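These figures come from a predicted structure and were not determined experimentally. Chain letters run A, B, ... following the sequence lines, proteins first and then strands; every chain starts at 1.
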Amino acid sequence: MTDTSAASLPGGSPMAESLSPTVDAPLTTVDGTPLREALHKAERQKRWRAFLLVVPLLLFVLITFVTPIAKLLQQSIYNDDFSSNMPNLSQWFVENPDSFGVPQDEAAFEALVLDLQTARENRTQGQIGTRVNYDLSGSRSLFTKSARRAARIEAPYREAILDLDKRWGEDDLWGVMRRASSAYSSSFYLKSLDLAQTPDGEIYQVDKKQQIYVDLFWRTVWMSALITGLCLLLAFPIAHMLATLPLRYSNLLMIMVLLPFWTSLLVRTTSWIALLQSQGVLNDLFVSLGLIGTEGVLTGMLDSLGMADREGRIPLMYNQAGTIIAMTHILLPFMVLPLYSVMKTIPPTYMRAARSLGATQFTAFNKIYFPQTVPGIGAGALLVFILAMGYYITPALVGGAKGTLISNIIAEAMLNWYNWSLAAALGALLLAGVLVLYWLYDRIVGIDNMKLG
Amino acid sequence: MSGATDAFVRFENVQKSYDGETLVVKDLNVDIPEGEFLTMLGPSGSGKTTSLMMLAGFEPATHGEIYLDGESINNVPPNKRGIGMVFQNYALFPHMTVAENLAFPLKVRKTGAAEIEEKVQRALDMVELGSFGGRRPAQLSGGQQQRVAVARALVFDPRLILMDEPLGALDKQLREQMQYEIKHIHENLGVTVVYVTHDQAEALTMSDRIAVFEDGIIQQLSTPDALYERPENSFVAQFIGENNKLSGTVREVKGKTCTVELDGGGTVKALAVNVEGVGSRTTLSLRPERVEIAPAKGAVQNQLTGEIRELIYLGDHIRTRMAVSGNEDFIVKVPNSAGNVPLAEGAKVKVGWEAGDCRALDPLAV
């Protein structure tokens, strides 16, 4: 190496020409190993050490976040309560794909009786019945009753079964059983969207009176949006004050903003109950001011708007108003903090510069200050909105029937209806909705534009 | 009281207090003629920036009147004053391009689109950033941002430009270059400029007149050369340029000169600029370049003996620190010319100066 370089110096052009094609060849270290490889080797240890530092968190996230979500998604389309406990009937459904409604085939009923007898022995009739009950209410008792008597049933099975309970002769039941005979089904998603299937598999919208989920999804979206908007309206001036006040005062104000964070969520929510209920602080205050109540000034007006109860008090709780008021308060810090952290970085000279250039106070705010707070607004709004979409405790406690959100029905499905698959499907739809919103946000505002702190 | 004078900008008995207990600006009276480049120079906390902010309209004057072109502007909001301003950290709007920044003052004035485009381009060309209109401020260097800020303050043709330490964030070389550019823009456009800085070299380079602020008061308002050559008090002498000070007591006043007996021994003659009379204390101010080393006998009026403490070789001259009459920091700039006496640390040499170069000013607390 030293030889060539020494020779090339005085040699000049001929040497340089002969060397020039090698310029494109990969660079090597002094001993001839390719540079890229050498770099890789030299930094391997460093990379490993960095990776090992991340491993605990990676495992934690994997175990506590990715796995449950995967499990949730799986559960929303997979339920083998019927298929695994009714193997013979399930097999018959596979072999006779064209039979819809009540089958004429004796074999189907033989399989049914056989499965019911096994179920009785294994005590799984309740599980099977519950699964069918998800799609056709009242079916659980049919299965427990039939299983109890299955041992005594003798051929011809079709007649015997139809004798036992005439519900076995309903097309709907057989349609539901056919769909449940496959462990994988879309029926939970359909139910989540207020849809159902006819016995021959056609999808239709359920009766208006039975529709709950789509309305609830929409209510969750618009109430979350309203709460986000209210949070923004309230947080913007506070954050601005926090960012511009002298440190002495802003610290105190900051503590007041953060105070709710240091109080239990349950305490905060129950204190809202004390404030909002019809014999609560707010209503009592309005009554004592003579505004509402049986002789209140505004009672007549409120009554005509349907906003007063029998005693002339305003129902602020166990309705949407309660949920909106309490959740706005609880989620407010999530809006204040990102806004504050962004506003803190906007020097006051920008406003002064705008004013000196001829802008009125309003124009300076509108064209100079406000656009610079957009990253904070975006971050805060996204945070509050996503939190609101999945909020549970507060709507459960103050929402009543009209003020509950989708999360409450998810909990209901899990805790009271034991329908984990439906809960999973609802949860998956909620997740998908949030992801779509996130994607929209990225398209419109840009995720890089977001500042969380 | 009326502002009916030829002064373009006029401060009349202006006072400012933030807390109601202390005055930040005490009785400010300045007349600035149209087209002048006036610098407010002073250490931080001297009231110069507050005065500028009152002129811009961001701080209300606690007392007194400010006139712009003969009209009192005390109750005129900043956006109606039509004053261009360059801020310390430029305050370029980060979410707008350079061209949008420049167009902003025109847009709020509802100027037509074609005219905006023309004026923006002209302003950008003026600061030699013609092709940078589409960039964001963050994509520009400090010097370029500075020029955009200047262009933005000028684009709507204001008759008065305020600059609040606009070059503070730049490195030395760029700062000097920008000083000349701003000066040339001022000369070419003929606008009135009020410039705030704490950098005396900057003030001396750029200004027509300099107002030296200290303690909320203008200590002296003069042209740069007068400020340096003829400081009227010890603060100005000390603040502008390098200064040797000698404390003493006035023994005799005769016409414009006085005789001062120095505390550290010796008697010298000086110009009686700011002395109260015989027997009063005084501080003498003497520029280092006016001191002669080893003068011929009788060549200058004042002669003292000093001891060389330190020699610093600076190429064109040798900076010599001496102990003269009790002052351990007596600086003499000895030109590096042939035939000079070789100097050595610890040597005792004679120093001398003319009485006219030595100004007897108010006593400084030592």
I would like to know whether B:Met96 and A:Ile368 meet side chain to side chain contact (heavy atoms under 4.5 Å, CB included); could you show each step before the answer?
-> CA-CA 9 Å; B:Met96 295 181 178; A:Ile368 304 303; 3.6 Å; yes

Using 4.0 Å as the upper bound for N to carboxylate O, is an ion pair formed by B:Glu59 and A:Arg352?
->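 So A:Arg352 pairs with B:Glu59 through a salt bridge.
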
Rounded to the nearest 0.5 Å, what's the gap from OG on A:Ser356 to CD1 on B:Ile161? Could you check?
->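 A:Ser356 atom OG to B:Ile161 atom CD1 measures 9.5 Å (nearest 0.5 Å).
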
So do A:Leu357 and B:Phe93 actually touch side chain to side chain, heavy atoms under 4.5 Å?
->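 A side-chain contact exists here, since the closest heavy-atom pair is under 4.5 Å.
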
In terms of heavy-atom pairs under 4.5 Å with chain A, which of B:Gly57, B:Gly84, B:Ala91, B:Ala149 leads?
->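 Of the options given, most contacts go to B:Ala91.
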
Could you check whether atom [atom1] of [X] has more than 12 heavy atoms from other residues, nucleotides or ligands sitting under 6.0 Å from it?
{"X": "A:Arg47", "atom1": "CZ", "answer": "yes"}
{"X": "A:Trp262", "atom1": "CH2", "answer": "yes"}
{"X": "A:Tyr249", "atom1": "OH", "answer": "no"}
{"X": "A:Trp222", "atom1": "CH2", "answer": "yes"}

For the side chain of B:His95 and the backbone of A:Lys367, is there at least one donor-acceptor N/O pair under 3.5 Å apart?
->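 A pair under 3.5 Å: yes.
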
What part of B:Arg109 is in contact with chain A, defined as an atom under 4.5 angstrom from a non-hydrogen atom: side chain, backbone, both or neither?
->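 For B:Arg109, side-chain heavy atoms alone lie under 4.5 Å from chain A.
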
For residues A:Ala353 and B:Phe87, report the shortest heavy-atom separation together with the two atoms involved.
->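 Of all heavy-atom pairs spanning A:Ala353 and B:Phe87, the closest is CA-CE1, 3.3 Å.
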
